[in-house]
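Remember, it's 1-based here, ligands and their atoms both numbered in the order they're listed.
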Amino acid sequence: MLSIKNIGLTLGQAEDQNEILHDISLDFEPGKLYVITGPNGGGKTSIAKVIMGIYTPSAGKIYFDGSDITGLNITERSRLGIRYAFQSPPRFKGITVEKFLKLANPEITVNQMHWIMASIGLCPENYLTRSADNSLSGGEMKRLEIASVLLSRTKVALLDEPEAGVDLWGFEQLLNLVTASHRQAVERTTIIISHSEKFLEAADEIIVVAEGKVQERGNMEKIRPLIEEGIECRWRQICLGEEELYETQQP
Ligand SMILES: Nc1ncnc2c1ncn2[C@@H]1O[C@H](COP(=O)(O)OP(=O)(O)OP(=O)(O)O)[C@@H](O)[C@H]1O
Ligand SMILES: [Mg+2]
């Protein structure tokens, strides 16, 4: 099980420091699919980066399968079986798409590689020999990065807005791939950061994060009223107060 306990995160330089996360505690159980949602700037990616060891928390601890992993870096966490598909994936100069996928799973067979390429809607003949660098479009790289996390034998798959930059035609395919991979992988914890109602509907548990705090947890039934009234509007209301919100909406 992955647990984060009383996590605080402060980012920025000297006098420009900001407290981004405040006392966040979450448990993620094996076999469950979680969706973290909430307004832009609420702290979702920051939570993912703390889990992955990209950001060092200013308070709190992270535990994985009973061990304290707070001091481990991204490579060490990835070796333990925690992998992250970035909201904006980095590019890799000098390696082909085929090599990129093999790095994620060295035992991958040709058939599996063709299957995963077809599942993300990229024709293997056209893409496997291409370079995984800036010559790929944003949506192509996004699909490849999601594929690399899903085909690795990871215990925790953390996907940051998998739908971002993926076209409408590819969305249903992506949703099916992510949910099917989760079901097939034994005891994998899948954590998806998403604004998409379809992903929210597929979740065992939804976590709403805003203003750097966990505001709500539950299933779609519990969270739906929040979505319908507009999560962003609701939290802005709390943050600014109703009168001020009204004033900010004046032209
Ligand atoms: N390196 C950084 N230095 C300073 N502030 C940062 C840094 N990274 C993120 N922030 C700030 O932390 C807050 C949370 O950002 P984060 O990226 O976690 O939000 P998010 O919930 O993922 O938003 P989105 O839905 O837009 O992706 C934002 O106000 C952001 O500006
Ligand atoms: Mg984000």
Please report the shortest heavy-atom distance between Thr56 and Leu9, naming the atom on each side.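 It is O-CD1, 3.5 Å.
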
Taking atom CZ of Arg91 as the centre, report whether more than 12 heavy atoms of other residues, nucleotides or ligands fall under 6.0 Å from it.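 Counting other residues, nucleotides and ligands, CZ of Arg91 exceeds 12 neighbours.
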
Are more than 12 heavy atoms, taken from residues, nucleotides or ligands other than Lys5, located less than 6.0 Å from that residue's NZ atom?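 Buried by this count: over 12 neighbours within 6.0 Å.
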
Could you point out which residue of Ile4, Thr189, Ile69, Ile51 forms a side-chain contact (heavy atoms from CB on, under 4.5 Å) with Phe64?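 Result: among Ile4, Thr189, Ile69, Ile51, Ile69 is the only option passing the side-chain contact (heavy atoms from CB on, under 4.5 Å) with Phe64.
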
Looking at the Mg ion (ligand 2), is one of the N, O or S atoms of Ser46 less than 2.8 Å from it?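 Within the cut-off used here (under 2.8 Å), Ser46 places no N, O or S atom near the Mg ion (ligand 2).
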
Short check: any N/O/S atom of Asn40 below 2.8 Å from the Mg ion (ligand 2)?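 It does not: Asn40 brings no N, O or S atom closer than 2.8 Å to the Mg ion (ligand 2).
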
Partners of Glu76 by side-chain hydrogen bond (donor to acceptor under 3.5 Å, both in side chains), sequence neighbours excluded?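 For Glu76 there are no side-chain hydrogen bond (donor to acceptor under 3.5 Å, both in side chains) partners, ignoring immediate neighbours.
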
Please list, in number order, the atoms of ligand 1 under 4.0 Å from a heavy atom of [X].
X: Ser46; result: 14 (C), 15 (O), 16 (P), 18 (O)
X: Gln87; result: 27 (O)
X: His195; result: 25 (O)

Please verify whether a non-hydrogen atom of Pro39 lies at under 4.0 Å from ligand 1.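 Pro39 counts as a contact of ligand 1 under the 4.0 Å cut-off.
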
Tell me whether Ile20 reaches ligand 1 (any heavy atom closer than 4.0 angstrom to a ligand atom).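 Distance cut 4.0 Å: Ile20 passes for ligand 1.
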
Could you identify the single nearest non-hydrogen protein atom to [atom] and state the distance to 0.1 Å?
atom: atom 23 (O) of ligand 1; value: Gly41 N, 2.8 Å
atom: atom 8 (N) of ligand 1; value: Tyr55 OH, 3.2 Å
atom: atom 17 (O) of ligand 1; value: Thr45 CB, 3.6 Å
atom: atom 26 (O) of ligand 1; value: Asn40 ND2, 3.1 Å
atom: atom 9 (C) of ligand 1; value: Leu11 CD1, 4.0 Å

For atom 2 (C) of ligand 1, state whether the nearest protein heavy atom is under 4.0 Å away.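 So far as the 4.0 Å threshold goes, atom 2 (C) of ligand 1 is in reach of a protein heavy atom.
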
With a 4.0 Å cut-off, strictly under, does atom 20 (P) of ligand 1 pick up any protein heavy atom?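 Looking at atom 20 (P) of ligand 1, one finds that a protein heavy atom does lie closer than 4.0 Å.
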
If you look only at distance, which donor and acceptor atoms sit under 3.5 Å apart when one is on a side chain in residues 112-120 and the other is two or more places apart or in another chain?
unit_1, atom_1, unit_2, atom_2, d
Gln112, OE1, Thr109, N, 2.8
Gln112, OE1, Thr109, OG1, 3.3
Ser119, OG, Trp115, O, 2.8

Is there a donor-acceptor contact under 3.5 Å linking the side chains of Gln87 and Thr45?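 Yes.
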
Answer yes or no: does an N/O atom from Gly42 fall short of 3.5 Å to an N/O atom of ligand 1?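 Yes; at least one N/O pair falls below 3.5 Å.
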
For ligand 1, which is the ligand I care about here, please tell me if Gly43 has any N or O atom under 3.5 Å from one of the ligand's N or O atoms.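 Gly43 vs ligand 1: N/O contact under 3.5 Å present.
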
What do the steps show when you test Ile192 against Leu33 for side-chain contact (heavy atoms from CB on, under 4.5 Å), and what is the final call? CA-CA 8 Å; Ile192 304 167; Leu33 192 153; 3.9 Å; yes

NZ/NE/NH1/NH2 to OD/OE distance under 4.0 Å, Lys222 and Glu205: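 The answer is no: the pair does not qualify as a salt bridge.
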
Heavy-atom side-chain contact between Phe28 and Ile207 under 4.5 Å: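 The answer is yes, as the side chains (C-beta and beyond) meet within the 4.5 Å cut-off.
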
